[in-house]
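Since we're looking at a predicted model, the values are computed, not measured.
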Amino acid sequence: MTQSYPSQIWHNGRIKPWADATVHVMAHGLHYGSSVFEGIRSYPTPNGQAIFRLDDHLRRLYQSAKVYDMVIPYDQATLASACREVIRANGLERAYLRPIAYRGLGGFGLSAETPVEVAVAAWHMGPYLGPGVLEAGIDACVSSWQRFAPNTIPAGAKAGGNYLSGQLVAREARRLGFGEGIALASTGLLSEGAGENLFLVFDGTLHTPPVSAALLNGITRDTIIRLARANGIGVVERDLPREYLYLCDELFMCGTAAEITPIRSVDGRPVGDGKPGKLTRQIQDLFFGIFTGRTPVPEDWLDYV
Ligand code: PMP
């Protein structure tokens with residue numbers, strides 16, 4: 001986020017000034033990473049601003065909470081209206097939304113039954129990996145940090161603590177001058193980017209690592225799989241070894257924040273001819289066509305503000 005903050009935030013049931021949405025320094029979530037959250041985008045469309053796949057994102061929020069026995073004290077419809085309300089309260093035309101539920105203050109110790117607090121923030125966000133990256137692509141590297149093993153921290157729950165791993169991957173990549181880092185799973189096979197899923201293109205078919213490869217089952221990943229299949233493009237979910245990053249014809253990352261970001265090189269080796277590929281462009285067109293009305297999608301994918 002840049003230096004200027006939005007003026008309003010939804011916190012524990014109501015809209016309040018940004019500066020008043022505070023947390024106690026002894027909150028459980030701060031010490032132990034016990035928060036679950038979502039990243040959601042809204043886009044202008046010909047029928048007004050729409051939040052993309054809001055229900056699916058909120059469903060994942062409750063699922064993440066379930067993994068950690070965390071009971072969110074609001075129902076999904078309340079959080080959905082909080083998302084719409086916080087966009088309106090800040091007068092945003094396109095927004096990145098961050099609902100978060102976290103264990104607050106209330107006793108000490110890992111299994112303390114602390115109250116669960118909830119906030120929804122919204123702000124304006126351009127391309128996550130930097131200006132111009134959707135067109136030009138980024139240079140990525142394979143991280144020296146692996147993703148956590150599946151029997152340690154569940155990658156399928158979008159919990160605050162998971163992002164210690166993401167920070168190691170992302171910060172190492174930036175320190176070495178790369179746009180983003182890609183992590184391998186504990187099996188040594190491809191997993192995902194610090195905060196994005198991966199797609200490789202071979203002979204006009206999309207290949208993506210399976211959810212068993214310690215990755216978050218991304219909603220953008222799911223969107224791409226559905227759009228591709230609806231448009232006659234093959235998709236395979238499969239184990240992929242690291243060197244396929246160097247051998248594929250095209251490569252891109254995807255996520256709510258990163259949208260569809262082409263990768264033009266990995267570890268200094270050009271991907272294909274070193275430029276965003278044709279199928280990557282087609283997937284970008286299909287994806288952004290959702291918001292212009294060019295790409296038909298299920299009705300409940302667009303939740304109007
Ligand atoms: N993997 C990780 C680790 C992420 O943080 C994200 C962003 N939420 C994704 C993948 C992409 O998920 P989505 O498309 O649902 O935003």
Side-chain angles (χ1 to χ4, degrees), residues 1 9 11-12 21-40 56-74 79 96-121 128 143-175 180-187 189-198 209-221 253 255-258:
M1 199 184 313
I9 189 166
H11 189 210
N12 293 337
T22 53
V23 177
H24 196 277
V25 292
M26 291 308 293
H28 196 280
L30 185 59
H31 292 251
Y32 304 127
S34 42
S35 65
V36 293
F37 68 93
E38 276 303 316
I40 313 174
D56 294 317
H57 279 283
L58 291 180
R59 198 171 311 127
R60 187 171 68 185
L61 181 74
Y62 286 88
Q63 286 173 346
S64 301
K66 186 177 184 186
V67 172
Y68 288 98
D69 293 328
M70 198 186 278
V71 178
I72 297 179
Y74 301 96
L79 293 192
Y96 181 84
L97 283 156
R98 168 57 53 83
I100 183 166
Y102 55 93
R103 291 196 184 275
L105 181 67
F108 305 102
L110 290 173
S111 61
E113 281 308 328
T114 60
V116 174
E117 302 190 26
V118 185
V120 183
Y128 170 64
S143 182
S144 68
W145 293 101
Q146 281 183 345
R147 296 280 291 166
F148 26 84
N151 56 350
T152 58
I153 291 175
K158 192 168 167 60
N162 298 19
Y163 288 81
L164 289 171
S165 160
Q167 286 175 62
L168 291 170
V169 173
R171 296 184 73 90
E172 179 187 64
R174 306 285 143 72
R175 192 165 56 241
E180 186 57 300
I182 295 170
L184 304 180
S186 58
T187 54
L189 298 167
L190 283 183
S191 176
E192 62 176 351
E196 310 85 6
N197 294 125
L198 286 174
V211 290
S212 51
L215 51 85
L216 182 71
N217 188 358
I219 289 167
T220 319
R221 175 183 183 277
M253 288 185 149
T256 297

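Using a 4.5 Å cut-off on side-chain heavy atoms (C-beta onward), Asn197 and Thr220 make no contact. Thr114 has its side chain out of reach of Tyr102: every pair of non-hydrogen atoms, C-beta onward, lies at least 4.5 Å apart. Between Arg147 and Ser165, the closest side-chain pair of non-hydrogen atoms falls below 4.5 Å. The closest side-chain heavy-atom distance from Leu190 to Leu184 is below 4.5 Å. His57 places none of its side-chain heavy atoms less than 4.5 Å from the side chain of Leu97.
Taking the ring centroids of Tyr163 and Phe37, they lie under the 6.0 Å cut-off.
Listed here is the closest heavy atom pair of Tyr128 and Ala258: CB-N, 3.9 Å. The two atoms that bring Tyr68 and Arg103 nearest to each other are O-NH2, 3.1 Å, heavy atoms only. When all heavy atoms are compared, the tightest approach of Val36 to Ala65 is CG1-N, 3.9 Å. When all heavy atoms are compared, the tightest approach of Leu215 to Val211 is CD1-CA, 3.7 Å. Taking every heavy atom of both residues into account, Glu192 and Leu216 meet most closely at OE1-N, 3.3 Å. Arg60 and Asn217 get closest at one heavy-atom pair: NH1-O, 3.3 Å.
Here NE2 of His28 is found 7.5 Å from OG of Ser111. Values are rounded to the nearest 0.5 Å. Here the OG1-NE2 distance, from Thr22 to His11, works out to 7.0 Å after rounding to the nearest 0.5 Å. Atom CZ in Arg221 sits 12.0 Å away from atom CD1 in Ile219 (nearest 0.5 Å). Atom CG of Leu164 and atom CD1 of Ile153 lie 7.5 Å apart (nearest 0.5 Å). A distance of 7.5 Å separates OG of Ser186 from CG of Asn151, quoted to the nearest 0.5 Å. The distance from the CD atom of Glu196 to the OG1 atom of Thr256 is 10.5 Å, given to the nearest 0.5 Å.
For Arg98 (side chain) and Glu38 (main-chain N/O), a donor-acceptor pair under 3.5 Å exists by modelled atom type. Judged purely by atom type and a 3.5 angstrom limit, His31 has no side-chain atom pairing as donor or acceptor with the backbone of Gly109. Judged by distance alone, with hydrogens and angles left aside, the side-chain atoms of Asn162 form a donor-acceptor pair with the main-chain N or O of Ala157 at under 3.5 Å. Side chain of Ser64 to main chain of Lys158: a donor-acceptor pair is present (N/O by atom type, distance under 3.5 Å, no hydrogens or angles). Ser191 places a side-chain N or O within 3.5 Å of a backbone atom of Ala213 that can act as its donor or acceptor partner.
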(message) Would Ile182 and Leu198 count as a side-chain contact (heavy atoms from CB on, under 4.5 Å) here? Give the steps.
(response) CA-CA 9 Å; Ile182 295 170; Leu198 286 174; 3.7 Å; yes
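For the pair Arg174 and Glu180, the salt-bridge criterion is met [side-chain N within less than 4.0 Å of a carboxylate O].
The side chain to side chain contact (heavy atoms under 4.5 Å, CB included) with Pro99 is formed by just one residue from the set Leu79, Val118, Ile40; it is Ile40.
Evaluation of the side chain to side chain contact (heavy atoms under 4.5 Å, CB included) rule for Val71 yields no partner, not counting sequence neighbours.
Around CZ of Arg171, the count of heavy atoms belonging to other residues, nucleotides or ligands within 6.0 Å does not exceed 12.
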